[in-house]
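Notes follow the structure.
Below, read A as the first sequence line, B as the second, and so on, with proteins coming before strands; counting in each chain starts at 1.
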Amino acid sequence: MLNMKTKYLHVHRLRRVYVWELPVRYYHWLNAGAIIVLIVTGFFIGDPLALQSKEEAANRFVMGWVRAIHFFAAYIFFFNFLFRLYWGFVGNKYANWKQFIPTSKKFFKEMWTVFKIDILMMRGKEHISIGHNAMAGFIYFLTFWAFLIQCLTGFGLYASMGTWWLPKLFAWVPAMFGGDIMTRQVHHWAMWFFILFAVIHVYLVFYHDYVEGRGEISSMGGGWKFIEEEVFENEEHHTPNVVEKKS
Amino acid sequence: MSNEIATRKPPTYYEEVQNKGYSRRDFLQFASMMAAFIGLESNAIGQVAKAMETKPRVPVIWLHFQECTCCSESFIRSSHPIVADILLDKISLDYTETLMAASGFQAEEAMHNTMKKYKGEYILCVEGSVPTKADGVYCMIGGKTSLQILEEAAENAKAVIAWGSCASNGCVQAAKPNPTSATPIHKLVKGKPVIKVPGCPPIGEVMAGVIVHLITFDRIPELDSLGRPKAFYSKRVHDTCYRRPFYDAGLYVESFDDENAKKGYCLYKVGCKGPSTYNACGVMKWNNGTSFPIQSGHGCIGCSEENYWDNGRLYDRASSFAGFGIEANADTFGKVALGVTAAAMAGHAVMTNVRKKKLIRTLEDEGKQSEQELKS
């Protein structure tokens with residue numbers, strides 16, 4: 001190792017940081033899975049395929065199953081979402097709710113930096129973050145609003161069919177939109193946010209892994225990211241909001 | 001004749017039924033039918049019959065504003081003749097432009113007499129929406145705007161029934177751009193219970209059922225969060241549709257002239273709004289239980305739902321974007337957005353390799369260096 005340092009190239013020593021705790025990783029993949037299932041079944045419900053069959057209608061239950069899967073996934077999505085909100089208060093500093101809501105000048109300043117360096121790719125000092133960068137945190141904040149819209153409109157549509165008290169709590173949603181027709185449309189439109197988000201999200205994960213080499217992609221597997229020793233020592237990294245350490 | 005009776009002692013519904021020559025059997029048949037419609041248990045038939053026998057007629061003022069009279073037409077065609085003969089035609093209506101014999105001053109006088117004499121007792125039925133633009137000049141009767149007439153009549157009414165989609169949601173005249181500012185009744189009447197009976201028109205039996213409920217129990221029926229009687233509007237047309245098994249099986253009419261249409265498959269993909277529409281069409285049907293739109297091969301257009309004119313298209317499930325000049329539906333819009341995003345990302349990826357070349361090169365060199373230095 002010592003030899004390396006004497007070479008013409010400065011090879012960084014990396015420090016392992018446990019960023020995403022196990023519950024956060026579970027949340028992430030459960031959420032990803034549920035969203036994929038919800039989008040696929042949702043598209044089918046919105047515009048079912050013209051399936052041909054010689055079978056009697058009574059022996060078939062294609063749409064019935066697709067809808068059932070949609071509803072199962074919706075419940076998983078909903079409770080998973082609630083769990084993540086809870087974890088925003090008890091999880092580690094990178095999972096804290098303060099990383100998502102722009103409350104400080106620092107947060108906005110960092111968002112602007114990320115925009116300049118990573119999106120417009122202007123020249124400047126590279127931006128190093130360990131958890132979410134400010135821009136990502138804010139976009140996730142928007143996704144939480146999208147989650148809320150989908151839960152409200154989805155369970156609102158389900159309210160008149162469900163027998164459990166929980167979905168019935170959402171009966172006011174279609175009433176607010178003036179009926180199921182509009183509620184369904186909002187539910188359908190909002191889905192496109194998820195598709196666009198997912199595509200951009202996956203791209204940016206690859207981007208960060210590629211230009212930073214700090215384990216961005218694998219972090220949602222093992223929970224670790226890596227930080228250069230010098231950055232760690234000199235505290236050169238950025239955080240959208242400082243979370244006070246719990247006593 | 002009827003005025004004389006009214007001045008002495010108002011006759012009960014049963015007395016009027018007898019006067020009209022109906023038998024006791026007809027009367028009980030009517031009572032059972034109504035009890036069934038409003039979702040009562042069989043032992044409540046007696047309650048309905050008794051109410052009809054003992055209670056004096058409930059005076060009704062039936063106003064017509066921006067509407068097409070299809071609600072009245074539906075009502076007088078409700079399946080039991082007693083509905084038309086007794087509830088509507090001969091007894092209850094003290095004022096209704098369509099069916100009353102009087103006109104001009106006499107008609108206005110009849111309305112005012114009822115409002116004075118039965119203060120706080122009469123039921124106000126409103127068919128049609130009220131235009132509020134240009135001081136309400138778009139709908140005036142007897143020199144007054146419909147808003148003035150409504151406010152005057154509603155002041156001392158016991159309850160207000162908004163008949164049909166016009167009075168409940170504004171219907172077609174409230175569709176964009178709503179040139180007359182057609183406004184539904186519940187937004188104008190304050191401090192009175194408003195029962196919404198939407199539909200274009202509502203089912204005649206549903207209308208009769210609402211009135212019978214008011215007479216029998218002397219209070220308004222249980223309403224849902226949108227103010228509609230739960231007995232008739234708590235289920236979606238989809239949930240009571242006889243074609244529902246085809247929906248669940250995934251068998252759909254693809255176009256109106258295909259083989260699937262002949263087989264009577266589900267009309268979901270040709271724009272049926274049954275899954276989003278709350279009404280009793282699938283159960284009560286129309287014209288003495290003969291049929292309803294889906295049974296005759298046409299999807300439900302959602303006529304009892306708010307803004308069904310503007311919320312998407314009648315023959316398509318696609319969700320169109322209101323306010324877009326072009327016929328853009330949400331999915332077309334989404335696909336374009338996805339394409340633009342993909343193009344932007346491809347551009348970004350190329351630019352990354354140009355602008356961040358140094359950074360990426362350093363990482364690669366570091367990695368290669370370590371690879372070389374590792375012995376095995």
Top contributor to chain B contacts, counting heavy-atom pairs under 4.5 Å, from A/A58, A/P174, A/G64, A/G178:
A/G178

So do B/Y252 and A/P48 actually touch side chain to side chain, heavy atoms under 4.5 Å?
yes

Answer yes or no: are there more than 12 heavy-atom neighbours, outside B/K262 itself, under 6.0 Å from its atom NZ?
no

Which residues satisfy the salt bridge (Lys or Arg N to Asp or Glu O under 4.0 Å) test with B/R355, sequence neighbours excluded?
none

Would you say the side-chain atoms of B/T341 and A/Y203 include a donor-acceptor pair closer than 3.5 Å?
no

Please identify, among A/M122, A/E56, A/R67, A/M121, the residue contributing the most non-hydrogen atom pairs under 4.5 Å to chain B.
A/M121

Test B/T277 against A/D180 for side chain to side chain contact (heavy atoms under 4.5 Å, CB included), laying out the working first.
CA-CA 7 Å; B/T277 305; A/D180 283 11; over 6 Å; no

Assess whether atom OH of B/Y242 is packed by more than 12 heavy atoms of other residues, nucleotides or ligands within 6.0 Å.
yes

Please classify the contact of B/A349 with chain A as side chain, backbone, both or neither, using a heavy-atom distance under 4.5 Å.
both

Just checking A/K109: does its NZ atom have more than 12 heavy atoms from other residues, nucleotides or ligands closer to it than 6.0 angstrom?
no

Part of B/R244 within contact of chain A (heavy atom distance under 4.5 Å):
side chain

If you count heavy-atom pairs under 4.5 Å with chain A, which of B/R236, B/H348, B/E254, B/E364 comes out on top?
B/H348

Tell me, for A/R123 versus chain B, whether the close heavy atoms (under 4.5 Å) come from the side chain, the backbone, both or neither.
both

In terms of heavy-atom proximity below 4.5 Å to chain B, should A/E212 be classed as side chain, backbone, both, or neither?
backbone

How about NZ on B/K187, more than 12 heavy atoms from neighbouring residues, nucleotides or ligands closer than 6.0 Å, or not?
no

Taking all atoms of both residues into account, what is the closest heavy-atom pair of A/I181 and B/S276, and its distance?
CG1-CB, 3.5 Å

Under a 4.5 Å cut-off applied to non-hydrogen side-chain atoms, are A/R60 and B/F246 in contact?
no

Run the numbers on B/M345 and A/L204 for side chain to side chain contact (heavy atoms under 4.5 Å, CB included), then give the verdict.
CA-CA 9 Å; B/M345 285 185 317; A/L204 284 177; over 6 Å; no

Quick one: does B/S370's side chain get under 4.5 Å of A/V11's, heavy atoms only?
yes

Between A/H12 (side chain only) and B/L363 (backbone N and O only), is there a donor and an acceptor less than 3.5 Å apart?
no

Contact part of B/K335 toward chain A, heavy-atom cut-off under 4.5 Å: side chain, backbone, both or neither?
both

Is A/D118 in contact with chain B via its backbone, its side chain, both, or neither, using a 4.5 Å heavy-atom distance?
both

With a 4.5 angstrom heavy-atom cut-off, could you sort out which part of A/A171 is near chain B: side chain, backbone, both or neither?
backbone

Heavy-atom count around A/Y140 OH within 6.0 Å, excluding the residue itself: above 12?
yes

Under the side chain to side chain contact (heavy atoms under 4.5 Å, CB included) test, which residues partner B/A337, sequence neighbours left out?
A/L196

So does A/E233 have more than 12 non-hydrogen atoms from other groups sitting under 6.0 Å from CD?
yes

Determine whether A/I45 and B/Y268 make a side-chain contact, defined as any pair of heavy atoms from C-beta on separated by less than 4.5 Å.
yes

Where on A/F193 is there a heavy atom nearer than 4.5 Å to chain B: the side chain, the backbone, both, or neither?
neither

Whether over 12 other heavy atoms sit under 6.0 Å from A/F206 CZ
no

Heavy-atom side-chain proximity of A/Y210 to B/N353 below 4.5 angstrom:
yes

Any non-hydrogen side-chain atom of B/N307 less than 4.5 Å from a side-chain atom of A/M182?
no

Compute whether any side-chain donor of one residue and acceptor of the other, for B/D248 and A/W65, lie under 3.5 angstrom apart.
no

Around atom CH2 of A/W224, are there more than 12 heavy atoms from other residues, nucleotides or ligands closer than 6.0 Å?
no

Smallest heavy-atom separation, B/K269 atom then A/D47 atom, equals CE-OD1, 3.5 Å

Working to the nearest 0.5 Å, report the span between SG of B/C266 and CE of A/M63.
8.0 Å

Who among B/E306, B/K356, B/E305 has the most heavy-atom pairs with chain A under 4.5 Å?
B/K356

